[in-house]
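Here is the structure we will look at, set down as C-alpha cells.
Since the structure is predicted, the reported quantities are computational estimates derived from the model, not experimental observations. Lettering follows sequence order; numbering is per chain, from 1.
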2 protein chains.
Amino acid sequence: MVAALVRSAFLVNAVYAESSREHGITPQQGQLLCVLMPGPCGMGELGTMLRLAKSSLTGLVDRTERNGLVRRTPDPQDTRAVRVALTPRGSRLAAEFYEAACARIDELPAGLSATEREVLAGLLGRVVRDNKVPPVFAEPDEGAAGGRGH
Amino acid sequence: MVAALVRSAFLVNAVYAESSREHGITPQQGQLLCVLMPGPCGMGELGTMLRLAKSSLTGLVDRTERNGLVRRTPDPQDTRAVRVALTPRGSRLAAEFYEAACARIDELPAGLSATEREVLAGLLGRVVRDNKVPPVFAEPDEGAAGGRGH
DNA sequence: GTTCGATAGTTCGCAGCACGAATTTCCGGG
DNA sequence: CCCGGAAATTCGTGCTGCGAACTATCGAAC
C-alpha cells in the first residue's frame, strides 16, 4: 500500500515534470498556473494552497511574472495585499499545459478497465478529500467518462 | 481521475518532505537512502532509478556523502565505475526514515476500510507496475514490525 | 488620534537541486 | 595500437525552498 502510493507519486511527478518541460516552464510554475486557472488569488492564499513559505512564493511569482505568465495587481480592499492573476499569455499556456498534463496522466492507468478506473478514482478521491488536499489541480469536467469538452 | 492522481501525488510528496525534514535530510537524499537500502548501486543505475541526469546525481551523492550517510567505493570489475553504498550511519538513518515515512503515509488512507485499502493498493500497484516505475521505495515486508495502523 | 499587535509581502543570504556541455579516464573490439 | 563508447566528474546557470529581518498597512483598543 505505502509503496504503491509513493511510487505512483513518483510516477505522476515525472510525468508532470515532463509536461512542464515541454511547455518551457518548471513544474512549480506549472502548478502555479494551474492553481490560478479558476481565478486570481492572494499571496497568502497561494502559500496555503501550495504549502510554500511566503518567501518561497515571492520568488516563484517573481520568476513567473518575469516570464510574462502572471501579473501582480494591487488589492482594492487592502493596500498591503496583492492579487496574482494570469496574463492572457499565461492563461493560454495554462490551458495548454493543463490539457497536455491531463492527457499524459490519463494514460497512466491504461491497463485498467473502465470499471477499475472508476473504483481507483473514487478511492483516491476519498483519500485526497479526507486529507484536505487543496485543489492544486482542477477536476477536468466531471461527468463525461472519456469525452472531452472545453 | 487525473485530479485524484495529481492531488494524491501532491499529498504524498508533502508527507515525504515532512518526514525527511524531521530526520535532517532533504527529500532527495531520503529517496537516495531508500533506493540504497537493498544494497549498493552504481551511479548509472541510480540515475536510471531516480530519473536523474548523471551530473545531478554526482551532486546529490556528493552532498549525501558529505553528510556521512553514503560512501563511494571503486568497482572491482570496472575502474571507471563507482559503487555507492550506505555507511552504517546512513543505514541506520535510512531505516528510521523509511519506517517513519511508512507510518505517516499509512495514515493517509485512514478513512478507508481494510477491504478498500486492499483494492486501492492492488489497483495502484498495477498502475505502477504497468508503467515500470523503478523501486524507488521498497515494499514494507509483511514480516516487518507492528505498525499496522489500527 | 495615537498606539500597538497582527497581517501581507518583500528582501536577503544560504544550501540544495537539476540540467547540459565539456572533460577525463577507462573498457572493449577491430 | 587505436578508436568509439561508456562511467563519472567538473563547471556554470537558473530554479527552489527556507528562515530571519524588514516595511507597510490594517484594525481595534484606548
Side-chain angles (χ1 to χ4, degrees), chain A residues 10 13-33 35 40-85 136, chain B residues 10 13-33 35 40-85 136:
Chain A
F10 184 80
N13 281 339
V15 171
Y16 199 92
E18 201 177 344
S19 284
S20 312
R21 169 164 280 224
E22 284 175 5
H23 288 79
I25 55 179
T26 64
Q28 289 84 355
Q29 290 182 17
Q31 207 167 34
L32 177 59
L33 295 188
V35 168
C41 210
M43 295 291 279
E45 230 174 323
L46 284 177
T48 305
M49 290 258 209
L50 300 175
R51 297 192 202 271
L52 286 180
K54 296 187 299 182
S55 56
S56 311
L57 204 50
T58 299
L60 179 58
V61 172
D62 280 350
R63 291 182 293 272
T64 313
E65 191 171 30
R66 199 185 313 142
N67 287 357
L69 304 176
V70 127
R71 189 177 27 190
R72 280 180 171 96
T73 308
D75 185 323
Q77 314 301 321
D78 189 338
T79 323
R80 299 168 297 177
V82 159
R83 317 235 70 211
V84 182
V136 282
Chain B
F10 185 79
N13 281 338
V15 171
Y16 199 92
E18 200 177 343
S19 284
S20 313
R21 168 165 281 223
E22 286 176 4
H23 287 79
I25 54 179
T26 64
Q28 290 84 353
Q29 290 183 18
Q31 207 167 35
L32 177 59
L33 296 189
V35 167
C41 210
M43 295 291 279
E45 231 174 323
L46 284 177
T48 305
M49 290 259 211
L50 301 174
R51 296 191 203 270
L52 286 180
K54 294 187 299 182
S55 56
S56 312
L57 204 50
T58 298
L60 179 58
V61 172
D62 280 349
R63 291 183 293 271
T64 313
E65 192 172 27
R66 199 188 312 144
N67 288 356
L69 304 175
V70 128
R71 188 178 28 188
R72 278 179 171 96
T73 307
D75 185 321
Q77 314 300 319
D78 189 338
T79 324
R80 299 169 297 178
V82 160
R83 318 233 69 211
V84 182
V136 282

Heavy atoms of chain B, cut-off under 4.0 Å: which first and last nucleotide of DNA chain C, 5' to 3', fall inside that, if you could look?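 Terminal contacting nucleotides, 5' to 3': C/dG16 to C/dC27.
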
What pairs with B/Arg72 under salt bridge (Lys or Arg N to Asp or Glu O under 4.0 Å), at least two apart in sequence or on another chain?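 Checked B/Arg72 against salt bridge (Lys or Arg N to Asp or Glu O under 4.0 Å); matches are B/Asp62, B/Glu65.
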
Quick tally for nucleotides 8-19 of chain D: nucleotides whose base has a protein heavy atom under 4.0 Å get B, sugar-phosphate-only ones S, the rest -, giving BBB----SBSBB

Rounded to the nearest 0.5 Å, what separation is found between the [atom1] atom of [X] and the [atom2] atom of [Y]?
X: B/Leu69; Y: B/Leu33; atom1: CG; atom2: CG; value: 5.5 Å
X: A/Gln29; Y: A/Arg66; atom1: CD; atom2: CZ; value: 9.0 Å
X: B/Leu52; Y: B/Leu46; atom1: CG; atom2: CG; value: 9.0 Å
X: A/Arg63; Y: A/Gln28; atom1: CZ; atom2: CD; value: 8.0 Å

Pair assignment for DNA chain C - dot-bracket with | for other-strand partners, Watson-Crick or G-U under 3.5 Å: ||||||||||||||||||||||||||||||

Could you list all the salt bridge (Lys or Arg N to Asp or Glu O under 4.0 Å) pairs where at least one residue sits in residues 14-23 of chain A, not counting sequence neighbours?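 Listed once each, the pairs are A/Glu18-A/Arg104, A/Glu22-A/Arg104.
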
Quick one: side chain to side chain donor-acceptor pair (under 3.5 Å) partners of A/Thr26, sequence neighbours excluded?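 For A/Thr26 there are no side chain to side chain donor-acceptor pair (under 3.5 Å) partners, ignoring immediate neighbours.
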
Which residues satisfy the side-chain contact (heavy atoms from CB on, under 4.5 Å) test with B/Pro40, sequence neighbours excluded?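 B/Pro40: side-chain contact (heavy atoms from CB on, under 4.5 Å) contacts with B/Arg83, B/Ala85.
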
side-chain hydrogen bond (donor to acceptor under 3.5 Å, both in side chains): pairs with one or both residues in residues 41-60 of chain A, sequence neighbours excluded: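 Every pair satisfying side-chain hydrogen bond (donor to acceptor under 3.5 Å, both in side chains) with a residue in residues 41-60 of chain A: there are none.
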
Name all residues meeting the ring-ring contact (aromatic ring centres under 6.0 Å, His included) criterion together with A/Tyr16; count only those two or more places apart in sequence or in a different chain, and write none if there are none.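 Only A/Phe97 meet the ring-ring contact (aromatic ring centres under 6.0 Å, His included) criterion with A/Tyr16.
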
